[in-house]
S.K.: 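Dropping a structure here in structure tokens format, bear with me for questions.
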Amino acid sequence: METSYYYLILIGFIATFVGTFGGGGGLINLPSMLLLGVPIHSAIAANKFSNTFSSFSSFYTIWKRKEVKLKLGLSILPYTITGGILGALLASYLTEDVLLRVALLLLIAATTLNIVKSRLTKRQIDGTTPRLFYPTYIGIGAFDGLFGPGQATLLMHSFLNAGYSFLTSIGLTRLQTFSSCFVSFIVYFSMGHFDWRVGLALGTGSLLGAQTAVRLADKLSFLPWQKILSVFSIFLIGYLLVKILF
């Protein structure tokens with residue numbers, strides 16, 4: 001099992017590096033932890049623990065560079081915090097099979113909403129910046145607390161479609177991820193689902209991955225991230241379908 005912890009550090013690095021840019025990092029670390037034999041609730045708890053530190057670290061770096069709208073980010077926090085607590089409480093009482101099915105339904109609904117919102121945004125002709133629909137962040141926060149993978153993708157879709165820059169969208173996403181992960185981790189921890197050894201190994205890799213990603217963000221911002229984000233969402237749905245059916 002000692003070797004597994006080194007694997008977890010590597011998994012945390014790769015997953016957070018990918019997740020910082022486009023979301024979907026949970027597609028890497030959650031299946032990998034399950035493959036290593038970590039129970040699903042413990043895997044989600046470890047993911048929340050590692051994301052708490054990595055997301056705040058990357059947010060702080062972007063905030064120091066004055067690339068994030070802190071007032072906007074703070075105004076959304078109550079919604080993501082509420083959602084994160086509700087999602088984690090629900091997940092703590094669900095079996096693995098039921099948890100996967102609920103996560104699939106939430107992801108399909110949230111992805112559909114973002115695609116519709118994206119099309120409506122493109123049709124605007126008056127030049128105004130589309131407003132964020134704040135109540136949707138309760139749902140995104142709940143999805144994060146309940147399962148996780150895809151939450152950052154949905155947030156990035158939301159901010160990019162509203163016209164914010166790539167770096168600003170990353171900063172806003174990382175702040176909301178920090179808030180929902182922090183409160184949901186507290187719930188999982190209080191329910192006895194957290195394994196410190198798994199969490200610390202994954203967290204170490206995640207912290208390194210987040211800092212590396214933030215420092216390379218300017219050089220990689222030219223990539224078509226909105227299309228990449230859509231692919232991540234669809235791939236997430238496919239992954240959950242396979243997991244449930246087989």
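Only this structure's heavy atoms are used, side chains among them; waters, hydrogens and symmetry mates stay out.
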S.K.: How about Phe56 and Phe178: are their ring centroids closer than 6.0 Å?
M.R.: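 When the ring centroids of Phe56 and Phe178 are compared, they turn out to be within the sub-6.0 Å range.
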S.K.: Tell me every residue that passes side chain to side chain donor-acceptor pair (under 3.5 Å) with Thr212, counting only those two or more places apart in sequence or in another chain.
M.R.: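 Partners of Thr212 by the side chain to side chain donor-acceptor pair (under 3.5 Å) criterion come out as none, since no residue qualifies.
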S.K.: With ILVMFWY side chains joined below 4.5 Å, transitively, what does Leu86's cluster contain besides itself?
M.R.: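 Joined to Leu86, directly or through intermediates: none.
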S.K.: Compare every heavy atom of Phe147 with every heavy atom of Ile40, then report the nearest pair and how far apart it is.
M.R.: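 It is CD1-CE1, 4.4 Å.
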S.K.: Could you work out, with side chain to side chain donor-acceptor pair (under 3.5 Å) as the rule, every residue matching Tyr134, not counting sequence neighbours?
M.R.: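 Scan of Tyr134 (side chain to side chain donor-acceptor pair (under 3.5 Å), adjacent residues dropped) gives Ser75.
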S.K.: Return each pair, listed once, that meets ring pair (Phe, Tyr, Trp, His ring centres under 6.0 Å) where at least one residue sits in residues 197-220; pairs must be two or more places apart or across chains.
M.R.: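 Listed once each, the pairs would be none.
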S.K.: In Å and rounded to the nearest 0.5 Å, what is the CG to CD1 distance from Leu30 to Ile11?
M.R.: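 If we round to the nearest 0.5 Å, Leu30:CG and Ile11:CD1 are 10.5 Å apart.
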S.K.: What pairs with Thr82 under side chain to side chain donor-acceptor pair (under 3.5 Å), at least two apart in sequence or on another chain?
M.R.: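 Side chain to side chain donor-acceptor pair (under 3.5 Å) list for Thr82, sorted by chain: empty.
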S.K.: Taking side-chain contact (heavy atoms from CB on, under 4.5 Å) as the definition, give me every residue that meets it alongside Val183, ordered by chain and number, with sequence neighbours left out.
M.R.: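 With sequence neighbours excluded, Val183 shows a side-chain contact (heavy atoms from CB on, under 4.5 Å) to Ile81, Ile85, given in chain and number order.
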S.K.: Using every non-hydrogen atom in the two residues, find where Ile44 and Leu146 come nearest and quote the distance to one decimal.
M.R.: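 Smallest interatomic distance, heavy atoms only, reads CD1-O, 3.8 Å.
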S.K.: Any chance you could pull the hydrophobic cluster mates of Ile9, using side-chain heavy atoms under 4.5 angstrom and chaining through other members?
M.R.: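 Hydrophobic cluster check, Ile9: no partners found.
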S.K.: Under the side chain to side chain donor-acceptor pair (under 3.5 Å) rule, collect the residues that match up with Thr173, sequence neighbours excluded.
M.R.: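 By the side chain to side chain donor-acceptor pair (under 3.5 Å) rule, Thr173 matches no residue at all.
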S.K.: Hey, could you give me each pair passing salt bridge (charged side-chain N to carboxylate O under 4.0 Å, His left out) that has a residue in residues 52-69? Not counting sequence neighbours.
M.R.: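 Matches after skipping sequence neighbours: Arg65-Asp218.
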S.K.: What pairs with Phe194 under ring-ring contact (aromatic ring centres under 6.0 Å, His included), at least two apart in sequence or on another chain?
M.R.: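 With sequence neighbours excluded, Phe194 shows a ring-ring contact (aromatic ring centres under 6.0 Å, His included) to Phe49, Phe185, Trp196, given in chain and number order.
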S.K.: Is there any side chain to side chain donor-acceptor pair (under 3.5 Å) pair reaching into residues 138-148, and which pairs are they, with sequence neighbours excluded?
M.R.: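 Only Lys48-Asp144, Asp144-Ser180 qualify under side chain to side chain donor-acceptor pair (under 3.5 Å).
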S.K.: So, using salt bridge (charged side-chain N to carboxylate O under 4.0 Å, His left out) as the criterion, who are the partners of Arg215 when residues are at least two apart?
M.R.: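 In terms of salt bridge (charged side-chain N to carboxylate O under 4.0 Å, His left out), with neighbours along the sequence ignored, Arg215 is linked to no residue.
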S.K.: Restricting to non-hydrogen atoms, name the atom on Val38 and the atom on Ala43 that form the minimum distance, rounded to 0.1 Å.
M.R.: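 Closest heavy-atom pair between Val38 and Ala43: CG1-N, 3.6 Å.
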S.K.: Do Arg197 and Leu8 come within less than 4.5 Å of each other through their side chains, counting heavy atoms only?
M.R.: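 A side-chain contact under 4.5 Å is absent here.
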